[in-house]
Protein chains: 2
Amino acid sequence: MAKTHYSRFDCQPGCSVEAAVSLISGKWKCVVLWYLLEEGTLRFNELRRRINTITPRMLTHQLRELEADGLIHREVHAQVPPKVEYSLTARGRELTPILMALKAWGDAHIDLFGSKGTAGKPFTTASGEQK
Amino acid sequence: MAKTHYSRFDCQPGCSVEAAVSLISGKWKCVVLWYLLEEGTLRFNELRRRINTITPRMLTHQLRELEADGLIHREVHAQVPPKVEYSLTARGRELTPILMALKAWGDAHIDLFGSKGTAGKPFTTASGEQK
DNA sequence: CTGTATCCTGATGGATACTG
DNA sequence: CAGTATCCATCAGGATACAG
């Protein structure tokens with residue numbers, strides 16, 4: 001059951017914080033979570049096209065970890081051609097305040113990162129997302 | 001100034017989120033931030049004793065990264081023996097809501113991590129911390 | 001007291017090509 | 001369409017010893 005790849009937490013103050021951080025600290029995880037939060041359900045190649053610089057290997061890998069950590073749901077439709085849909089679990093959706101807080105902080109201090117405007121998308125609180 | 005070790009953010013949705021995450025995703029960073037948030041100012045060995053399984057090399061490393069990212073302040077007192085004090089910057093203190101949100105989520109879903117109770121310290125909102 | 005210097009291992013992330 | 005298979009570079013993190 002979802003043993004996290006991140007090996008150990010020493011259960012000091014900040015333990016559960018580190019545990020939570022470790023679940024979203026993969027290279028593409030935030031982006032994936034963000035898209036799923038915004039768009040609800042996406043197929044493998046839909047995600048791939050949206051991220052576009054990600055390799056299939058990495059996308060698979062990140063998706064599998066997110067799934068193992070109980071943050072996303074993977075639904076395979078038995079048909080030809082294959083159809084696999086990804087969506088957030090309830091647990092994953094509960095990350096929303098964290099992602100928002102992170103984005104708020106990141107946007108406020110974006111100067112630290114060498115002027116990379118984030119440009120568009122202020123995150124529309126995902127249309128009909130609050131199940 | 002403060003070029004982050006994490007090489008690149010593709011500035012897609014989730015970009016600033018990833019940027020923010022990368023600043024706190026070091027192995028001991030959350031713990032360090034947490035202690036500084038709780039206790040205000042700590043010396044090198046005070047942090048070391050509190051974390052206790054951390055090696056001096058790692059502590060130095062994490063502290064330097066946090067400093068480079070503008071989250072903590074390092075104050076050297078020119079005296080013998082040396083005295084170096086670490087504290088949060090305003091920017092670092094602004095991480096509080098994030099850390100709290102992460103802890104809340106982590107505590108709520110702690111079962112995912114293989115039953116590690118977090119035990120004590122529910123984080124007392126740091127005694128006199130709100131400068 | 002507050003660190004550095006070396007050396008080392010495993011995990012992370014990526015390029016490229018191939019498959020049911 | 002939705003992935004696997006290989007191979008490879010880099011880096012985060014740690015053990016141990018030493019230093020100003």
Side-chain angles (χ1 to χ4, degrees), chain A residues 3-10 12 14 18 21-32 35-36 41-69 72-87, chain B residues 3-10 12 14 18 21-32 35-36 41-69 72-87:
Chain A
K3 229 298 254 109
T4 53
H5 31 101
Y6 227 59
S7 29
R8 60 112 156 311
F9 305 105
D10 313 72
Q12 295 172 318
E18 267 198 42
V21 166
S22 76
L23 301 190
I24 58 176
S25 52
K27 178 75 196 298
W28 304 98
K29 288 187 182 169
C30 292
V31 187
V32 170
Y35 276 121
L36 291 181
T41 297
L42 289 170
R43 301 175 60 171
F44 187 85
N45 273 359
E46 290 175 335
L47 275 168
R48 197 179 164 185
R49 269 189 297 274
R50 275 162 183 74
I51 305 187
N52 114 19
T53 54
I54 198 172
T55 61
R57 194 188 93 91
M58 278 313 294
L59 183 52
T60 302
H61 189 65
Q62 303 291 298
L63 287 170
R64 291 291 145 83
E65 284 192 351
L66 289 168
E67 187 192 5
D69 291 332
I72 67 175
H73 172 67
R74 177 170 181 266
E75 181 135 18
V76 183
H77 301 267
Q79 44 180 255
V80 184
K83 176 176 178 180
V84 181
E85 291 182 319
Y86 294 93
S87 56
Chain B
K3 232 299 256 106
T4 54
H5 30 101
Y6 229 60
S7 28
R8 62 113 158 310
F9 305 105
D10 312 73
Q12 295 172 316
E18 266 198 44
V21 166
S22 75
L23 301 190
I24 57 176
S25 51
K27 178 73 196 298
W28 303 98
K29 288 187 183 171
C30 292
V31 187
V32 170
Y35 276 122
L36 291 181
T41 298
L42 289 170
R43 300 176 59 173
F44 187 85
N45 272 0
E46 289 175 335
L47 275 168
R48 197 178 163 184
R49 268 188 297 274
R50 274 163 183 74
I51 304 185
N52 115 17
T53 55
I54 199 173
T55 61
R57 194 188 94 89
M58 279 313 293
L59 183 52
T60 301
H61 188 65
Q62 302 292 298
L63 287 170
R64 290 293 144 82
E65 285 193 351
L66 289 168
E67 188 193 4
D69 290 332
I72 67 175
H73 172 66
R74 177 170 179 264
E75 180 136 17
V76 184
H77 300 267
Q79 45 179 255
V80 185
K83 176 177 176 179
V84 180
E85 292 183 319
Y86 294 93
S87 56

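Every chain is numbered from 1 and lettered A, B, ... according to where its sequence line falls, protein lines coming before strand lines.
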### Message
At less than 4.0 Å, is any side-chain N or O atom of B/Y86 found next to OP1 or OP2 of C/dC1? Yes or no.
### Response
no
### Query
Is any side-chain nitrogen or oxygen of A/K27 closer than 4.0 Å to OP1 or OP2 of C/dT12?
no
### Message
With rounding to the nearest 0.5 angstrom, report the OG1 to CD1 distance, A/T60 to A/I54.
### Response
8.5 Å
## Note on the structure
Out of C/dG14, C/dG3, C/dG20, minimum distance to the side chain of A/W28 belongs to C/dG14
### Query
Just how far is it from atom CD of A/E18 to atom CG of A/L23, taken to the nearest 0.5 Å?
11.5 Å
### Query
Which listed nucleotide (C/dT2, C/dG3, D/dA2) is nearest to the side chain of B/R43?
C/dT2
### Query
Roughly, in whole Å, what's the span from CG in A/N52 to C1' in C/dG14?
15 Å
### Task
Please round to the nearest 0.5 Å and tell me the distance separating atom CZ of B/R48 and atom CG of B/L42.
14.5 Å
### Task
Examine D/dT4: is either OP1 or OP2 under 4.0 Å from a nitrogen or oxygen in the side chain of A/R64? Give yes or no.
yes
### Task
Report yes if a side-chain nitrogen or oxygen of B/R57 is closer than 4.0 Å to either non-bridging phosphate oxygen (OP1 or OP2) of C/dT4; otherwise report no.
no
### Query
B/L42 CG to C/dT2 P: how many Å, rounded?
11 Å
### Query
Looking at A/Q62, does any N or O in its side chain come under 4.0 Å of the phosphate oxygens OP1/OP2 on C/dG13?
yes
### Closest to the B/T55 side chain, choosing from D/dG14, D/dG20, C/dG14
D/dG14
#### Entry: Separation of A/M58 CE from A/I51 CD1 (nearest 0.5 Å)
10.0 Å
